[in-house]
2 protein chains.
Amino acid sequence: MGVARAYLPVMQRPFVHPAVEDVTLESVLYALADPTRLEIVKKIAGGTCALNCSSAAPADLPKSTQSHHFQVLREAGLIRSERRGTEVVNALRCAELEKRFPGVIASILKASEKTKKR
Amino acid sequence: MGVARAYLPVMQRPFVHPAVEDVTLESVLYALADPTRLEIVKKIAGGTCALNCSSAAPADLPKSTQSHHFQVLREAGLIRSERRGTEVVNALRCAELEKRFPGVIASILKASEKTKKR
DNA sequence: TTCGGTAGTTCAAGACTTTCGAACTATTGA
DNA sequence: TCAATAGTTCGAAAGTCTTGAACTACCGAA
């Protein structure tokens, strides 16, 4: 009979996400204050389905930097990540965040669109 | 006759504020992402009149740190500062910011009030 | 009119963060 | 089974934050 494996290999460990009530406004603002991360969030928010890391991040961003930014976004409670075989798909936690901080994410995304085109 | 003084003493130089159209969303989010600065902005926003630096900042914050945070807020376009004798009075640039980034500041301030009480 | 207190600035050093290359782990498809 | 793909971890270099110390400017009292 299969002995329970105490430690899952690193690349199989499920991601940990904060409960929505533990998400802080400051961590959300902090996460969005970085231009690269705002870019990522915009890309995820703009699409209709969850995106893997590489396609959500700016084209030439080193992978180690990508990993770091996705971790910050995840720990801030902005995105939910799930492993799908070799890739990680990421979705914005829109509805939850809207309930917790009404208007915040929506107004920021809207403002960032307008600001973008110059 | 009074010779024009080329350089005003440091402590008399007027503050420089960015024009509202040069304010970027990222600099605003960056400025608000710091808990101390969010605290300061909340205090300024909550009052009915402009506040000097010492009374807008958390009680035990070292003055050099205060100075730094007010500079960040000013350069981000969030506050307008003016010298009044020995002190500096600070006001939120509410109306201008609301026009440039509708809902952003308002929703953040609102969310921060709710979050505060725990 | 000078002196003490108050308000804020500047500078430099130590602590903390960010970024990124290199080496690694898992999974998939040929 | 092997190469390619997707992401993680580590450590070092570069960058940013925080703070004490020394400073400037202004104000009010004696």
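Per chain, numbering begins at 1; letters A, B, ... match sequence-line order.
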Picking from C:dT19, D:dT18, D:dT8, the nucleotide nearest the side-chain atoms of A:D34 would be C:dT19

Assess whether atom NZ of A:K43 is packed by more than 12 heavy atoms of other residues, nucleotides or ligands within 6.0 Å. yes

Of D:dT19, D:dT18, C:dG8, the nucleotide closest to the side chain of B:N52 is C:dG8

Between the NE2 atom in A:H69 and the CD1 atom in A:I79, the distance rounded to the nearest 0.5 Å is 12.0 Å

Separation of C:dG21 atom P from A:K63 atom NZ, nearest Å, is 12 Å

To the nearest angstrom, the CZ-C1' distance between B:R83 and D:dA25 comes to 9 Å

B:F15 atom CZ is separated from C:dT9 atom P, nearest whole Å, by 5 Å

State whether A:T86 places a side-chain N or O below 4.0 Å from either non-bridging phosphate oxygen (OP1 or OP2) of C:dT28. no

To the nearest angstrom, the CD-P distance between B:E82 and D:dA25 comes to 19 Å

Sorted by position of nearest nucleotide on DNA chain D, 5' first, the leading residue of A:N90 and B:G85 is A:N90

message: Just N and O in the side chain of A:H68: are any of them under 4.0 Å from OP1 or OP2 of D:dG7?
response: no

Notebook entry, point to check: B:S64 near the nucleic acid: base, sugar-phosphate alone, or nothing, with a heavy-atom cut-off under 4.0 Å?
Noted result: base

**Asked** Can A:R80 be said to sit on top of A:F15's aromatic six-ring, NZ or CZ under 6.0 Å from centre and within 45° of the ring axis?
**Response** no

To the nearest angstrom, the CD-P distance between A:Q66 and D:dA6 comes to 10 Å

**Request:** Look at the side chain of A:S67 against the base of D:dG7 and say whether a donor-acceptor pair falls under 3.5 Å; ignore hydrogens and angles.
**Result:** no

Taken to the nearest whole Å, CD/A:Q71 to P/C:dT17 is 13 Å

In this structure, SG of B:C49 is separated from CG of B:N90 (nearest 0.5 Å) by 11.5 Å

To the nearest angstrom, the CD-C1' distance between A:E87 and C:dG29 comes to 14 Å

Rounded to whole Å, CZ of A:R84 lies from P of C:dT27 at a distance of 15 Å

Quick note, A:P62 side chain, CB onward, closest among C:dC20, D:dT18, C:dG8 is C:dC20

Given the options B:L51, B:V41, B:L73, B:L92 meets side chain to side chain contact (heavy atoms under 4.5 Å, CB included) only with B:V41

